[in-house]
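Structure first, then comments.
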Amino acid sequence: VPNAPVLEIEYSPPFRIENVAHVGANVRFSFTAEPLFTYTVESRNSLATGSWGVLANFTETISTHQALISDPATGLSRFYRVLKAPCNCQ
């Protein structure tokens, strides 16, 4: 049937920070970086207040891989987040 409706479904598994570990004087973690996305890794000392500081920025353009982040373990606590956005870099 010409011009028949088409249903297209795309699934992306949930984004996860993985392999969190205290290694020497550093905190290390990883996540899966997918091609055609920009990633910003941020941290702050309090979950509720304060500004997020940028630890790393990068754009993955070639293939999926595990990104490894290392940050000096300072203070009593530290919180991390990873922002993922399409890079429009085809």
Side-chain angles (χ1 to χ4, degrees):
V1 177
N3 298 322
V6 174
L7 174 63
E8 195 172 303
I9 298 174
E10 238 180 82
Y11 172 77
S12 293
F15 183 82
R16 293 177 40 162
I17 293 176
E18 303 171 323
N19 306 313
V20 178
H22 190 244
V23 180
N26 294 310
V27 173
R28 288 188 184 167
F29 61 89
S30 65
F31 58 90
T32 301
E34 299 176 87
L36 306 180
F37 284 94
T38 295
Y39 296 87
T40 302
V41 181
E42 298 178 326
S43 69
R44 69 181 181 186
N45 294 331
S46 169
L47 186 58
T49 62
S51 299
W52 289 95
V54 176
L55 291 177
N57 278 311
F58 67 93
T59 299
E60 180 51 50
T61 58
I62 298 172
S63 64
T64 299
H65 74 281
Q66 283 298 110
L68 178 63
I69 304 298
S70 184
D71 185 39
T74 58
L76 297 175
S77 62
R78 192 117 162 130
F79 299 88
Y80 298 92
R81 70 180 181 184
V82 179
L83 307 175
K84 176 183 173 183
C87 70
N88 301 318
C89 55
Q90 297 176 358

note = For Tyr39, the side-chain hydrogen bond (donor to acceptor under 3.5 Å, both in side chains) test, sequence neighbours excluded, returns none

task = Hey, can you tell me if Phe15 and Phe31 have their rings parallel, tilted or perpendicular (30° and 60° cut-offs)?
result = tilted

query = Any side-chain heavy atom of Pro35 within less than 4.5 Å of one from Thr64?
reply = yes

ask   = Minimum heavy-atom separation for Arg44 to Gly50, with atom names?
value = NH1-O, 2.6 Å

ask   = Could you give the distance from OG (Ser51) to CG (Asn45), rounded to the nearest 0.5 Å?
value = 11.0 Å

task = Would you kindly confirm whether Val82 and Val20 end up in one hydrophobic cluster when ILVMFWY residues are joined by side chain heavy atoms under 4.5 Å apart?
result = yes

query = Taking the side chain as C-beta and beyond, is there a heavy-atom pair between Arg78 and Asp71 under 4.5 Å?
reply = yes

inquiry  = Is the shortest side-chain heavy-atom distance between Trp52 and Leu83 below 4.5 Å?
reply    = no

ask   = Once you round to the nearest 0.5 Å, how far does CZ of Arg28 lie from CD1 of Ile69?
value = 11.5 Å

query = To the nearest 0.5 Å, what is the distance between OG (Ser43) and CZ (Phe79)?
reply = 11.0 Å

inquiry  = Distance check, rounded to the nearest 0.5 Å: Lys84 atom NZ versus Thr32 atom OG1?
reply    = 9.0 Å

inquiry  = Nearest 0.5 Å, please: how far is CZ in Phe37 from CG in Asn88?
reply    = 10.0 Å

request  = Over all heavy atoms of both residues, which pair between Glu60 and Glu34 is shortest? Give the atoms and the distance, please.
outcome  = CB-O, 3.4 Å

key: ILVMFWY network linking Leu55 to Val27, side-chain heavy atoms under 4.5 angstrom   = yes

